[in-house]
Amino acid sequence: MKVVIIGGVAGGATAAARIRRLDEQAQIVVFERSGYISYANCGLPYYIGDVITDPEELTLQTPENFFRRFRVDMKVHHEVTAIRPDKKTVSVRDLVTGKEFEESYDKLILSPGAKPAQPRLPGTDVDKLFTLRTVEDTFRIKEYINRNHPRSAVIAGGGFIGLELAENLRELGMEVTIVQRPGQLMNPFDRDMASFIHGTMRRHGVKLMLGYTVEGFEEKGNGVDVLLKGEPPLHGDMVILAIGVVPDTRLAKEAGLELGIKGSIVVNDRMETSVPDIYAAGDAVQVKHFVTGADTLISLAGPANKQGRIIADNICGGDSRYLGSQGSSVIKVFDMTAAVTGINETNAGKAGLKTDTVILSPMSHAGYYPGGRVMTMKVVFEKETYRLLGAQIVGYEGVDKRIDVLAAAIHAGMKATELKDLDLAYAPPYSSAKDPVNMAGFMIDNIAEGMLKQWHLQDEAKLPRDGSVTLLDVRTAGEYAGGHMEGFRNIPVDELRERLEEIDSDKPVYVICQSGLRSYIAVRILEGSGFTAYNFSGGFRLYDAVMNDRRLVETAADCGMDKAEASV
């Protein structure tokens, strides 16, 4: 059996190694357009920022090492120019010599990945405008920085690559501005949780220009002007486009394979394309979302590796199936960690799901052990069924392990109420006896049992201020004086039992505290005394972060180019 693989890195290299482990006699040939068959593409921004200083650290395998270990013929600097399914051949060009030849196959694997989205805008060909996809792109950016010592950079786009580049360029001492049309960074997060990411970026000196439309680029002086719709140009010594990626599927289209979202390759759960004996994996393929079952694109290394393994199993006579992508991911944002899995509240609503959420602010480990820090956790679940749909966490230590527990729970089909039953490891330096994941489960179980009624951030503007309801802030007098919601009166929770006569028992009571814990205790006191009470999900800490972020974005929108400065 002869297997030809187009593209290395995650999907292609994984498939090649797995096929060899399953079939010692198979002939395996990999064609890779770049000079690197397996590299740490997630580490590229950190090489630019001097966190990774040895370029060889980016290369996970060389063609020589791969051949010695697996007897796989790795041909770098070879571009496949056409696929001919009727002949079961591919046309190949050696990019070094210019030689062209045909290569036959019994099985063909497509792992071309995705390419940076290139907007059809004037000026995208200027020298000081870069994209980041390959090791070669990384070296090009790094060489430009080392040679020209730019003092400022504009990054168009605020996804994973945009944020990682912003951090690393900022650590090099550069002035960094992120500009994009969406009103928030990191779309996998809901806007309320993204507010914490925005705050961290601003605190570290990154300027945010959210809600702007880029209309083109012009080389100006020693740098580039980013042309903005309805605004003066934004100047930077260099510009990096990080507005997302699109599947690199020209070959698949020309070969007549069925295509899906954004031209992605349609595959079944065995990763088979619409053409017999052709498989596809990685960022170029359309997958099913594990939570919603909808067709989607999810460009992450973990799914690509799994898909490569599944293809190898099936080529070698097995029957492996890809169950779908959950979008589990984590990002370092300076000193903060942000992580997500499943779907957020916004996308759940768009999918027609009726949802509820809990937002809590637990410590990363036992409060009495030094060094604990607060994280903010949002868990999304389906009303009535309590099916666990997704989670988002922003914080510091311990964020990654909690998101992984929640990702596993979603994959296992657990109900959100069952999070309370998980037996999780505890020692004071690492967690609390009631782990944050358990705490989320306790809260959701209280909702299911009717012990907890909530109100949410989106309800705040609708709350009547005419005295028909009681608005109650149960923090300390000092906390209340430092800032509170309009119309809320202050009775600290520890004084509440003695002051119940001050509250009209015929009116519903909407309660808030700093994080949601004290207000929950207050709700139980009120409910136990005959009141109807609702607890604010997330507490004043969440409200304050979201409102400050909204003010910075909206105020800046009225200030022209002062907008960037206002968001620092």
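Computed over heavy atoms, backbone and side chain alike; hydrogens, waters and symmetry mates excluded.
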Decide yes or no on side chain to side chain contact (heavy atoms under 4.5 Å, CB included) for Tyr212 and Arg181, but give the supporting numbers first.
-> CA-CA 5 Å; Tyr212 282 90; Arg181 182 164 52 189; over 6 Å; no

What's the separation between atom [atom1] in [X] and atom [atom2] in [Y], rounded to the nearest 0.5 Å?
X	Y	atom1	atom2	result
Leu257	Leu110	CG	CG	6.5 Å
Leu163	Ile161	CG	CD1	10.0 Å
Ile331	Ile197	CD1	CD1	7.5 Å
Thr341	Phe290	OG1	CZ	9.5 Å
Leu542	Gln514	CG	CD	10.5 Å
His198	Met193	NE2	CE	12.0 Å

Taking atom types as modelled and ignoring hydrogens, do the side chains of [X] and [Y] form a donor-acceptor contact shorter than 3.5 angstrom?
X	Y	result
Ser515	Ser361	no
Ser34	Arg133	no
Asn305	Thr14	yes
Thr417	Asp445	no
Ser195	Arg550	no
His289	Asp295	no

Can you name the side chain to side chain donor-acceptor pair (under 3.5 Å) partners of [X], sequence neighbours left out?
X	value
Arg170	none
Ser364	none
Lys378	Asp190, Asp192, Glu345

Nearest non-hydrogen partners of [X] and [Y], listed with the distance:
X	Y	value
Asp23	Cys316	CB-SG, 4.2 Å
Pro188	Val340	O-CG2, 3.7 Å
Ala255	Pro85	O-CG, 3.8 Å
Gly43	Ile52	O-CD1, 3.8 Å
Ala16	Val30	CB-CG2, 4.2 Å
Val246	Ala117	CG1-CB, 4.3 Å

Applying side-chain hydrogen bond (donor to acceptor under 3.5 Å, both in side chains), run through Ser431 and Arg402 and close with a yes or a no.
-> CA-CA 10 Å; Ser431 185; Arg402 271 66 183 223; 3.1 Å; yes

Can you tell me if [atom1] on [X] sees more than 12 non-hydrogen neighbours from other groups inside 6.0 Å?
X	atom1	result
Lys434	NZ	no
Lys350	NZ	no
Glu384	CD	no
Arg69	CZ	no

Show your working on side-chain hydrogen bond (donor to acceptor under 3.5 Å, both in side chains) between Thr376 and Arg541 and close with a plain yes or no.
-> CA-CA 10 Å; Thr376 301; Arg541 179 174 174 271; 2.4 Å; yes

Exam field: side chain [X] to backbone [Y], donor-acceptor pair closer than 3.5 Å:
X	Y	value
Asn314	Ile310	yes
Thr62	Asn65	yes
Ser264	Val285	no
Thr337	Gly395	no
Arg250	Lys253	no
His365	Pro429	yes
Gln184	Met186	yes
Asn438	Leu422	yes
Lys88	Asp106	yes
Arg20	Phe70	yes

Please assess Val245 against Asp283 for the test side chain to side chain contact (heavy atoms under 4.5 Å, CB included), listing each intermediate value before the final yes or no.
-> CA-CA 9 Å; Val245 295; Asp283 296 351; 5.5 Å; no

Any Lys/Arg nitrogen of [X] or [Y] sitting under 4.0 Å from an Asp/Glu carboxylate oxygen of the other?
X	Y	answer
Asp549	Arg202	yes
Lys107	Asp277	yes
Asp421	Lys415	no

Is [Y] close to [X] at the side-chain level, that is, under 4.5 Å between some pair of heavy atoms?
X	Y	answer
Leu406	Ile393	yes
His411	Leu323	yes
Gln307	Val287	yes
Ser329	Leu300	yes

Verify whether the ring centers belonging to Trp455 and Phe536 lie closer than 6.0 Å.
->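 When the ring centroids of Trp455 and Phe536 are compared, they turn out to be within the sub-6.0 Å range.
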
What about Phe334 and His204, are their ring centers closer than 6.0 Å?
->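 Yes, close enough.
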
Verdict with reasoning, Ile315 to Tyr279, per side chain to side chain contact (heavy atoms under 4.5 Å, CB included) | CA-CA 9 Å; Ile315 283 177; Tyr279 298 76; 3.6 Å; yes

Sequence neighbours excluded, every pair satisfying salt bridge (charged side-chain N to carboxylate O under 4.0 Å, His left out) that has a member inside residues 323-337 |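 Residue pairs passing salt bridge (charged side-chain N to carboxylate O under 4.0 Å, His left out), neighbours aside: Glu167-Lys332, Arg203-Asp335.
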
Salt bridge (charged side-chain N to carboxylate O under 4.0 Å, His left out) contacts in which one or both residues fall within residues 301-329, not counting sequence neighbours =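 Every salt bridge (charged side-chain N to carboxylate O under 4.0 Å, His left out) pair that includes a residue of residues 301-329, provided the two are not neighbours, is Arg18-Asp313, Asp269-Arg321, Arg270-Asp319, Asp319-Arg321.
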
Just grab all the ring-ring contact (aromatic ring centres under 6.0 Å, His included) pairs involving residues 373-401, residues at least two apart or on different chains.
->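 The answer is Phe381-Tyr386.
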
Stepwise side chain to side chain contact (heavy atoms under 4.5 Å, CB included) test for Ile83 and Glu254 = CA-CA 8 Å; Ile83 301 168; Glu254 292 175 354; over 6 Å; no

